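All figures in this text were calculated on a predicted structure; none of them were measured in a lab. To find a chain, count down the sequence lines: A is the first, B the second, and so on, and within it residues start at 1.
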2 protein chains.
Amino acid sequence: MNSVQGPSFQPLYLQIKDLLTQSLDAGEWKPGEAIPSEMVLAARYKVSQGTVRKAIDALAAENIVVRRQGKGTFVATHTEEKSSMFRFLRIRRVDGVDEYPHRRLVDIRRGKASAEVARLLLLRPGEAVVILRRVLEYSDEPVVLDEITLPAALFKGLTKARYDAYRGSTYSFFETQFGVRMVRADERIKAIAADPASAEILKVAVGTPLLAVERVAYTYGDRPVEWRRGLCTTKNHYYLNQLG
Amino acid sequence: MNSVQGPSFQPLYLQIKDLLTQSLDAGEWKPGEAIPSEMVLAARYKVSQGTVRKAIDALAAENIVVRRQGKGTFVATHTEEKSSMFRFLRIRRVDGVDEYPHRRLVDIRRGKASAEVARLLLLRPGEAVVILRRVLEYSDEPVVLDEITLPAALFKGLTKARYDAYRGSTYSFFETQFGVRMVRADERIKAIAADPASAEILKVAVGTPLLAVERVAYTYGDRPVEWRRGLCTTKNHYYLNQLG
DNA sequence: CAGTGGTCTAGACCACATC
DNA sequence: ATGTGGTCTAGACCACTGG
């Protein structure tokens with residue numbers, strides 16, 4: 001059922017994958033919901049089940065959907081079992097115990113995108129942004145001091161009260177409250193000395209070496225929608241990475 | 001052609017994948033060589049080409065093997081194009097230019113595995129190890145100070161002269177000279193202050209914040225075969241990570 | 001039981017590399 | 001022209017879930 005292929009050839013299953021991504025992006029199926037079965041999608045797109053399967057396999061490999069045998073294929077969520085909660089949280093306790101930190105919002109303020117943020121988030125310089133400052137606490141110990149910058153246009157009505165009231169991870173909050181789902185991120189890590197303000201919040205001496213982690217997070221279609229910078233104490237914690 | 005399945009069921013294509021991994025491990029096909037074609041493997045294992053294909057797909061997804069349309073499937077190498085050279089090297093210049101560092105071996109010494117190294121590399125405490133100390137230089141600037149610990153049993157005849165004489169990456173050296181191919185690694189990152197000895201080598205002030213990167217690298221079958229600890233200046237460089 | 005995803009097969013054809 | 005991997009199809013059967 002493959003149509004005539006234009007000059008810029010793309011396999012059928014990748015075309016189907018793009019169509020599915022568009023539907024996901026448009027919110028046709030919400031996070032946590034099931035997408036139609038392979039047979040139904042095959043009928044809709046007039047291709048064989050095997051081709052739909054390959055398209056879904058590709059989405060599953062990117063953690064955009066989750067397959068569950070016997071039940072169906074579901075739009076991935078940041079509100080899930082432990083396994084996926086640590087996908088975007090690489091900080092671990094040195095003793096190896098998996099602990100999900102308590103997040104304490106220091107303040108929210110509105111501002112204009114700096115040249116750097118505008119460049120990274122593909123905004124016009126000076127465009128409105130929302131900036132959250134947070135502290136992540138592990139067993140009541142402050143470990144990470146965060147600053148999260150978001151395009152205001154996508155996060156209308158983001159207030160401290162709403163953030164504090166939400167139970168669950170920050171990306172789960174973004175996803176359920178603003179329909180912005182993070183699918184991928186790039187991080188750059190440096191080591192820096194604690195400045196007085198950060199040192200006080202993290203309860204370390206001024207000049208203590210900290211990890212400085214900068215992140216750009218992307219939603220469907222590789223659109224950047226979050227910039228964050230975190231300072232992390234590594235007295236009792238480390239940053240975990242798997243190279244494969 | 002599936003045989004009767006015992007109590008611990010495993011799909012045929014995963015069984016084939018394991019057989020291929022064993023052959024790879026045994027050196028039946030060396031890095032850089034082509035493995036037999038899908039048709040030939042299908043005949044050998046008495047399964048369909050599609051099943052062999054799924055097995056190879058799984059190996060390709062883990063970067064153990066590389067497919068090249070029209071040519072064949074090849075055992076992956078650390079001696080390849082730029083794209084794969086940075087798979088285990090996450091240090092980048094802040095200006096974004098991709099530069100492969102010059103490695104300078106400080107010394108090689110032999111010793112016994114500490115309790116920690118023995119635990120991580122699954123050795124008996126006190127078992128013989130080889131320890132390399134290196135400096136990685138980017139544009140003549142020392143950036144990383146490394147200490148690499150290897151089980152002596154796997155790296156007989158490793159001398160400074162041989163290391164210095166080799167052209168190519170360290171993992172390429174291990175692979176071609178000792179038949180030990182790294183396929184995966186875990187890294188743990190902390191921020192620490194430069195001690196006097198390290199500071200001098202890296203040409204930074206004592207107390208300068210550095211990244212401390214600890215790595216355990218694994219070969220086929222998840223067998224740990226390298227432990228390393230690196231100290232990295234982040235004045236002009238950073239550690240890059242992709243979360244997906 | 002019916003419906004879902006998961007595996008396996010067999011065959012056709014396409015794209016690419018090499019001779 | 002031949003051989004390789006890449007795509008697509010159609011159908012059968014298995015494994016899991018839930019009514």
Side-chain angles (χ1 to χ4, degrees), chain A residues 1-20 24 29 32-77 80-81, chain B residues 1-20 24 29 32-77 80-81:
Chain A
M1 296 299 168
N2 199 351
S3 356
V4 178
Q5 291 151 5
S8 56
F9 167 73
Q10 213 188 4
L12 235 198
Y13 76 93
L14 287 181
Q15 298 177 36
I16 303 296
K17 182 193 169 200
D18 284 345
L19 291 175
L20 291 172
L24 252 1
W29 314 297
E33 290 179 10
I35 70 174
S37 76
E38 296 178 351
M39 289 301 289
V40 172
L41 290 172
R44 178 203 289 200
Y45 298 122
K46 304 251 179 40
V47 298
S48 77
Q49 187 196 4
T51 299
V52 170
R53 171 169 288 271
K54 266 204 93 169
I56 294 177
D57 281 345
L59 291 173
E62 296 173 28
N63 298 297
I64 292 187
V65 298
V66 177
R67 322 192 72 143
R68 279 180 240 209
Q69 183 172 141
K71 302 179 72 172
T73 300
F74 298 78
V75 184
T77 307
E80 279 178 38
E81 66 285 355
Chain B
M1 295 300 166
N2 199 350
S3 357
V4 179
Q5 292 150 6
S8 58
F9 166 75
Q10 214 189 3
L12 234 197
Y13 77 93
L14 287 181
Q15 298 177 37
I16 304 296
K17 182 193 168 200
D18 284 345
L19 291 175
L20 292 172
L24 254 0
W29 314 298
E33 290 179 10
I35 69 174
S37 76
E38 296 178 351
M39 290 300 290
V40 171
L41 290 172
R44 177 201 290 200
Y45 298 122
K46 303 252 178 39
V47 298
S48 77
Q49 186 195 4
T51 298
V52 170
R53 170 168 289 271
K54 267 205 93 169
I56 294 178
D57 280 346
L59 291 173
E62 295 172 31
N63 298 297
I64 292 187
V65 101
V66 176
R67 322 192 71 145
R68 279 181 243 216
Q69 181 171 141
K71 303 180 71 172
T73 301
F74 298 79
V75 184
T77 306
E80 280 179 37
E81 65 284 356

Quiz item: Does A:Q69 or A:L14 map to a spot on DNA chain D nearer the 5' end, using the closest nucleotide for each?
Solution: A:L14
Quiz item: At what distance, to the nearest 0.5 angstrom, does CZ of B:R53 lie from CD1 of B:I16?
Solution: 14.5 Å
Quiz item: What's the shortest heavy-atom distance between A:R44 and A:P36, and which atoms?
Solution: NH2-CG, 4.4 Å
Quiz prompt | Any A:T73 side-chain nitrogen or oxygen under 4.0 Å from OP1 or OP2 of C:dG5 | solution = yes
Quiz prompt | Value rounded to 0.5 Å, distance of CZ in A:R67 from CD1 in A:I35 | solution = 8.0 Å
Quiz prompt | Residue-phosphate contact under 4.0 Å: B:K54 side-chain N/O, C:dT7 OP1/OP2 | solution = yes
Quiz item: What's the CG-P distance between B:D57 and D:dC8, to the nearest Å?
Solution: 14 Å
Quiz item: Separation of B:Y13 atom OH from D:dC14 atom P, in whole Å?
Solution: 18 Å
Exercise. Find the distance B:Q15:CD to C:dC8:C1' and express it as a whole number of Å.
Key: 12 Å
Quiz prompt | Nucleotide D:dG5, atom C1' - distance to CZ of B:R67 in whole Å | solution = 6 Å
Quiz item: Looking at D:dT9, C:dT9, D:dC8, which one has an atom nearest to any side-chain atom of A:L12?
Solution: D:dC8
Quiz item: What is the distance from NZ of B:K46 to C1' of C:dT9, rounded to the nearest Å?
Solution: 17 Å
Exercise. Please report, rounded to the nearest Å, how far the C1' atom of D:dA12 is from the CD atom of A:E38.
Key: 15 Å
Quiz item: For D:dG3, does OP1 or OP2 lie under 4.0 Å from any side-chain N or O of B:S37?
Solution: no
Self-check item: Any A:T51 side-chain nitrogen or oxygen under 4.0 Å from OP1 or OP2 of D:dT7
Solution: no
Quiz item: Quick one: A:M39 CE to C:dG6 P, roughly how many Å, whole number?
Solution: 15 Å
Quiz item: Are B:R53 and D:dG6 close enough that a side-chain N or O sits under 4.0 Å from OP1 or OP2?
Solution: yes
Quiz item: Could you state the CD-C1' distance from B:Q49 to C:dT7, rounded to the nearest angstrom?
Solution: 16 Å
Quiz prompt | B:K71 side-chain N/O to D:dG5 phosphate OP1/OP2 under 4.0 Å | solution = no
Quiz item: What distance separates B:Q10 CD from B:K17 NZ, expressed to the nearest 0.5 Å?
Solution: 9.0 Å
Quiz item: Any side-chain heavy atom of B:L20 sitting closer than 4.5 Å to one from B:L41?
Solution: yes
